[in-house]
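Just so it is clear: chains get the letters A, B, ... in the order the sequence lines come, proteins before strands, and each one is counted from 1.
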Amino acid sequence: MRVRREIVQAVFWVLALVALEASAQDVRSWLDRMNRAVEELNYEGTFVHVIGRNNAEMLRIVHRNHDGEVGERIRSLNGIGPEIVRHLDRVQCILPDRQVVLLERTRDASPLVSRLPSYSEELEANYHLASYQKGQVAHRPTQVIGIKPRDTFRYGYVLWLDQDSAMPLKSQVRDENGEVVEQILFTEFEIFDEIPESAVASTIDTEGYTWFRPPVRSRESAGEVAWRATLLPQGFELAVATQSPIAGSQYPVEHLVYTDGLATVSVFIADPLTKAEVEEGFFRLGSTNAYSLTLRGRKVTAIGGVPRQTVQAIATSIEAQ
Amino acid sequence: MTDRFQEQISGFVDDELSADECEFFVRRLQRDSESRRQLMRYHLIGAALRGELTHSHPDTLRRRLEGALSGVRETPSPPRMRAYVKPALGVAVAAVVAAVAVLALQVVNTSAPGDVDAPDAVLAGERTEPAAYVVPPDTTGRRLVSPPIQLTNYLMRHSEYASHLSRTSVHSNVVATGQPDITEDDADVTP
């Protein structure tokens, strides 16, 4: 009798473990689908972007994928504000208040970089993945996905993914106490077979604006950066190390990218000749935290969608190799 | 939006303002277009968060607001009796909101095509002066203020290596919030 009970218990735990693994695998599959949907579909939508409890803006996004050529425009519906326009390998950030356009090249599609983010089994060492009940956003059925960090060095996420397309119609970034740090909620969302190119063009007349773009003389060079973070939260690994030009500066900036497979932290190490504009200390833009300090005459700035202690820990541990 | 004005809007929506406060609130809306715009925005965002705008196309919303507006036009002018002041003011504010929203949505639905290529304007990367970052002064009195150029640069570069979800978040923050919060260096946590 006792043997039978032990067998039943063993079978129960095996089934429970199998169910958990299936659930985690299911979540990873949803995340992969979401990643593809966000980039590959043609869609338009209006969403509310909420930071904390009081700060909210309505934004409009148009995303176009025409035979693999991606274009995107994000702008505020609240008067004249910054606008971000992506077209092929260029990203423009138009700042009307400064009458400035920042022009950036999109990242290299190298095999290393294209692994970001990677929703592999390794993710589960740092996050607990779970799928919850089905929900509804913008009158579309959604699957709710929860990603809970296992320590305080990363944020958690709750995602409402469109059942059909896996597009994130609602997403919440949550801190260690479960408080919503940032939220995106689509109030209107539509997928199209085709979107005209004009729909992702800038709506701001930039005549007379100053354009900042990287000098073209130097190329991005991987693996030549002599700086590394020496103290990293568990799970974070170096994914990219480049020395490249950056818009508005004639000196290159060294750029390190650390990721745990979901969260990403960039570390920028400015050239000593660069007149640093970023002040030392913490900065926060929604769920994006930044920490800047001077190390051996170089201004080091860490930025990421992680808690402030994470950017500070990484930035302060930067050392020359 | 100032905290005080936000409190007034919130108080009005929640029916917590006194009759005097209501009158003051409406007078402010009548003379200040910026306040009307902020009220419209507050109204739209609140409706969105409550799910009331769910599945609404701007045209649908516009028609709905136009309907409300046409109904308001037939409303008699507010009587002098104090007990009726508040509902009448509510109608007036609703009319203002509807009118501004209709105009705003017309703007929203109109997008002028542009060109993503840089014009033959000054290209800072080709400048010869050693100063790495030339920060133009704010030339307008517009409300949205963008972050420092260098920080915006870093944010944009970082977003290229972040997940798509994070990229949308970073871009939304640049577009929506503008000015970053600068906080005290009071944390010293190591992993």
Legend entry - Contact origin within A:L88 toward chain B - heavy atom pairs under 4.5 Å: neither
Inset, instruction - Below 4.5 Å from any heavy atom of chain B, which atoms of A:T301 appear? Answer side chain, backbone, both or neither. - result: side chain
Inset, instruction - Measure A:E197 against the heavy atoms of chain B and call it side chain, backbone, both or neither at under 4.5 Å. - result: neither
Legend entry - Under the ring pair (Phe, Tyr, Trp, His ring centres under 6.0 Å) test, residues paired with A:H255 that sit two or more places apart: A:F268, B:Y161
Legend entry - Contact check, side chains of A:F236 and A:V265, non-hydrogen atoms, under 4.5 Å: yes
Inset, instruction - Among A:I84, A:V38, A:L59, single out the residue with the greatest number of heavy-atom pairs under 4.5 Å to chain B. - result: A:I84
Legend entry - Engaged part of A:V91 at the chain B interface, taking heavy atoms whose separation is under 4.5 Å: side chain
Inset, instruction - Using modelled atom types only, decide if a donor and an acceptor are shared between the side chain of A:D271 and the backbone of A:P252 within a distance under 3.5 Å. - result: no
Inset, instruction - Could you pull out all residues at least two apart from A:A229 that satisfy side chain to side chain contact (heavy atoms under 4.5 Å, CB included)? - result: A:L232, A:Y258, A:I314, A:S317, A:I318
Inset, instruction - Ignoring hydrogens and angles, state whether a donor on the side chain of B:H171 or B:S159 is under 3.5 Å from an acceptor on the partner side chain. - result: yes
Legend entry - Proximity breakdown for A:I184 and chain B, heavy-atom pairs closer than 4.5 Å: side chain
Legend entry - Side chain / backbone / both / neither for A:I303 at chain B, heavy atoms under 4.5 Å: both
Legend entry - Under 3.5 Å: donor-acceptor pair, side chain of A:Q234, backbone of A:D151: no
